[in-house]
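Excluded from the calculations below are hydrogen atoms, water molecules and symmetry mates; all remaining heavy atoms, backbone and side chain alike, are included. Starting from 1, each residue takes its place in the sequence as its number.
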Amino acid sequence: TENVSKEAKAAKEAYDALSDAQKALVNAQAKDKAAAIEAALADVNAFEKAVEEFADIITAEDMDEMVMLENQYENLSDAEIALIVDETEDKYNGLFTQAKALNHKSGNVELIDAPWYIKITASEIAQPSEAMKKAYDEQEAVFLGDIEIGIYTEDGYFNKETADANVGALLENEAPFTVAFDIAKLASYNNVRVLHEKADGTVEEIKAKVSGTTVTVETEHFSPYAVV
């Protein structure tokens with residue numbers, strides 16, 4: 001405390017020795033610095049309040065707000081981020097872990113290592129097209145479904161059908177995607193094939209990696225798929 005007192009005394013003496021013009025400049029700089037600190041604290045407090053307002057468990061209905069929350073975080077400076085309390089930081093990270101789990105899993109189909117704002121949706125197809133049926137002939141289709149990829153943005157959720165050119169470009173930039181099918185029957189299969197029906201109606205076979213009951217493919221296109 002003695003050293004602090006000496007430093008304070010020395011600072012006061014140095015300030016008193018300044019001219020009136022110099023004192024005015026120092027006061028203005030101090031005022032600007034205080035205003036900047038106040039603004040930074042306001043930004044941090046607003047972010048912490050936004051995180052606090054989220055429930056501990058989120059749902060698909062929260063994704064638009066999650067986009068806004070992420071933007072709010074990314075607009076903070078490194079100095080402001082350093083002011084966020086650990087409890088808020090932990091909840092923030094936990095929210096996005098939940099978002100990935102919600103968006104990257106649909107039935108027995110999972111999107112691997114994609115950003116949280118990319119969503120996969122798999123829906124069962126009751127009857128294959130003639131081209132798909134011909135492609136796998138008499139083999140059993142252990143998975144037959146339509147797979148859709150969408151993206152959450154500041155302007156809402158978009159998929160291939162609803163995306164404009166800009167959003168379509170965002171989806172293309174994230175490709176290719178790694179997709180895993182978890183199918184119990186695969187354990188008894190020796191030769192697993194993954195078929196994809198393209199937009200022109202033709203069917204292609206996609207290179208697949210099989211491990212236990214999981215078959216994984218890397219693709220840029222989404223539409224009907226069959227695992228046979």
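- When side chains are defined from C-beta on, Arg193 counts as touching Leu195, because their heavy atoms get closer than 4.5 Å.
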(request) Quick one: do Met66 and Glu70 satisfy side chain to side chain contact (heavy atoms under 4.5 Å, CB included)? Show the steps, please. (result) CA-CA 6 Å; Met66 291 291 291; Glu70 184 177 53; over 6 Å; no
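- A distance of 11.5 Å separates CG of Asp43 from CD1 of Ile81, quoted to the nearest 0.5 Å.
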(request) Tell me, with the steps shown, if Phe177 and Phe222 meet ring pair (Phe, Tyr, Trp, His ring centres under 6.0 Å). (result) CA-CA 10 Å; Phe177 298 98; Phe222 292 89; 5.7 Å; yes
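- Heavy-atom minimum distance, Met63 versus Ile58: CE-CD1, 4.3 Å.
- The minimum heavy-atom distance linking Ala208 with Val217 is given by the pair CB-CG1, 3.8 Å.
- Residues Lys198 and Val203 have side chains not in contact (no heavy-atom distance under 4.5 Å, counting atoms from C-beta outward).
- Cluster annotation: Val109 and Ile125 are assigned to distinct hydrophobic clusters (Ile/Leu/Val/Met/Phe/Trp/Tyr, side-chain heavy-atom contacts under 4.5 Å, transitive).
- Leu186 and Leu144 are assigned to two separate hydrophobic clusters, defined by single-linkage of ILVMFWY side chains at heavy-atom distances under 4.5 Å.
- Within a 6.0 Å radius of CD in Glu87, other residues, nucleotides and ligands contribute 12 heavy atoms or fewer.
- Looking at heavy atoms from C-beta onward, Val194 lies out of side-chain contact with Glu205 at the 4.5 angstrom threshold.
- Side-chain contact check for Asp56 versus Lys91: some heavy-atom pair is nearer than 4.5 Å.
- Atoms CD1 and CD, from Ile84 and Glu48 in turn, are 6.5 Å apart once rounded to the nearest 0.5 Å.
- With rounding to the nearest 0.5 angstrom, the CZ atom of Phe47 is 12.0 Å from the CD atom of Glu52.
- Here the OG1-CD distance, from Thr121 to Glu148, works out to 5.0 Å after rounding to the nearest 0.5 Å.
- Nearest heavy-atom pair, Gly201 versus Ala131, reported as atom, atom and distance to 0.1 Å: O-CB, 3.3 Å.
- From Lys207, atom NZ reaches atom OG1 of Thr219 across 14.0 Å, with rounding to the nearest 0.5 Å.
- Linking Ile, Leu, Val, Met, Phe, Trp and Tyr residues whenever their side-chain heavy atoms come within less than 4.5 Å leaves Val228 and Val142 in two separate clusters.
- Checked by atom type and distance alone, the side chain of Glu80 pairs as donor or acceptor with a backbone atom of Ser77 at under 3.5 Å.
- Summarising the geometry, atom CD1 belonging to Ile149 is positioned 4.5 Å from atom CD1 belonging to Ile120; distances are rounded to the nearest 0.5 Å.
- Residues meeting the side-chain hydrogen bond (donor to acceptor under 3.5 Å, both in side chains) test with Thr88, sequence neighbours left out: none.
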(request) Would you check, one step at a time, whether the test side chain to side chain donor-acceptor pair (under 3.5 Å) holds for Asp182 with Thr213? (result) CA-CA 6 Å; Asp182 186 13; Thr213 61; 3.0 Å; yes
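- Sorted by first and then second residue, the ring pair (Phe, Tyr, Trp, His ring centres under 6.0 Å) pairs with a member in residues 117-141 form an empty list; sequence neighbours excluded.
- Linking Ile, Leu, Val, Met, Phe, Trp and Tyr whenever their side-chain heavy atoms come within less than 4.5 Å leaves Val227 and Ile112 in two separate clusters.
- Under a cut-off of 6.0 angstrom, the local environment of CG in Asp200 is crowded, with over 12 non-hydrogen atoms contributed by other residues, nucleotides or ligands.
- For His104 (side chain) and Ile118 (main-chain N/O), a donor-acceptor pair under 3.5 Å exists by modelled atom type.
- Residues Thr216 and Phe181 fail the side-chain proximity criterion, which asks for heavy atoms closer than 4.5 Å.
- Between Lys100 and Ala114, the shortest heavy-atom distance links the atoms CE-O, 3.5 Å.
- Between Glu140 and Lys185 there is a salt bridge, with a side-chain nitrogen of the basic residue lying less than 4.0 Å from a carboxylate oxygen of the acidic one.
- Residues Val67 and Thr153 form no side-chain contact, since every pair of their non-hydrogen atoms from C-beta on lies 4.5 Å or further apart.
- Between Ala122 and Ser106 the shortest heavy-atom distance is N-OG, 2.9 Å.
- Residues satisfying the side-chain hydrogen bond (donor to acceptor under 3.5 Å, both in side chains) criterion with Glu197, sequence neighbours excluded, are Ser129.
- Partners of Glu130 by side chain to side chain contact (heavy atoms under 4.5 Å, CB included), not counting sequence neighbours: none found.
- Two residues are said to be in side-chain contact when any heavy atoms from C-beta on lie closer than 4.5 Å; Leu111 and Lys119 fail this criterion.
- The shortest distance between side-chain heavy atoms of Leu69 and Leu95 falls below 4.5 Å.
- Checked options Phe54, Tyr73, Trp116; the residue passing with Phe96 is Trp116 (criterion: ring pair (Phe, Tyr, Trp, His ring centres under 6.0 Å)).
- Every side-chain hydrogen bond (donor to acceptor under 3.5 Å, both in side chains) that Asn71 has, sequence neighbours left out, goes to Glu154.
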(message) Before you tell me yes or no, could you show the steps for Val179 and Glu110 under side chain to side chain contact (heavy atoms under 4.5 Å, CB included), namely the whole-Å CA-CA distance, both residues' side-chain angles and the distance that decides it to 0.1 Å?
(response) CA-CA 6 Å; Val179 179; Glu110 184 174 2; over 6 Å; no
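- Remark: Asn93 CG is packed, more than 12 non-hydrogen atoms of other residues, nucleotides or ligands lying under 6.0 Å away.
- Every residue meeting the ring-ring contact (aromatic ring centres under 6.0 Å, His included) condition with His196, not counting sequence neighbours, appears here in chain and number order: Tyr225.
- Put simply, the side chain of Asp62 gets close to the backbone of Thr59: a donor and an acceptor are under 3.5 Å apart.
- The number of heavy-atom neighbours closer than 6.0 Å to NZ of Lys133, taken from other residues, nucleotides and ligands shown, is 12 or below.
- Between Ala180 and Thr214, the shortest heavy-atom contact is CB-CG2, 3.9 Å.
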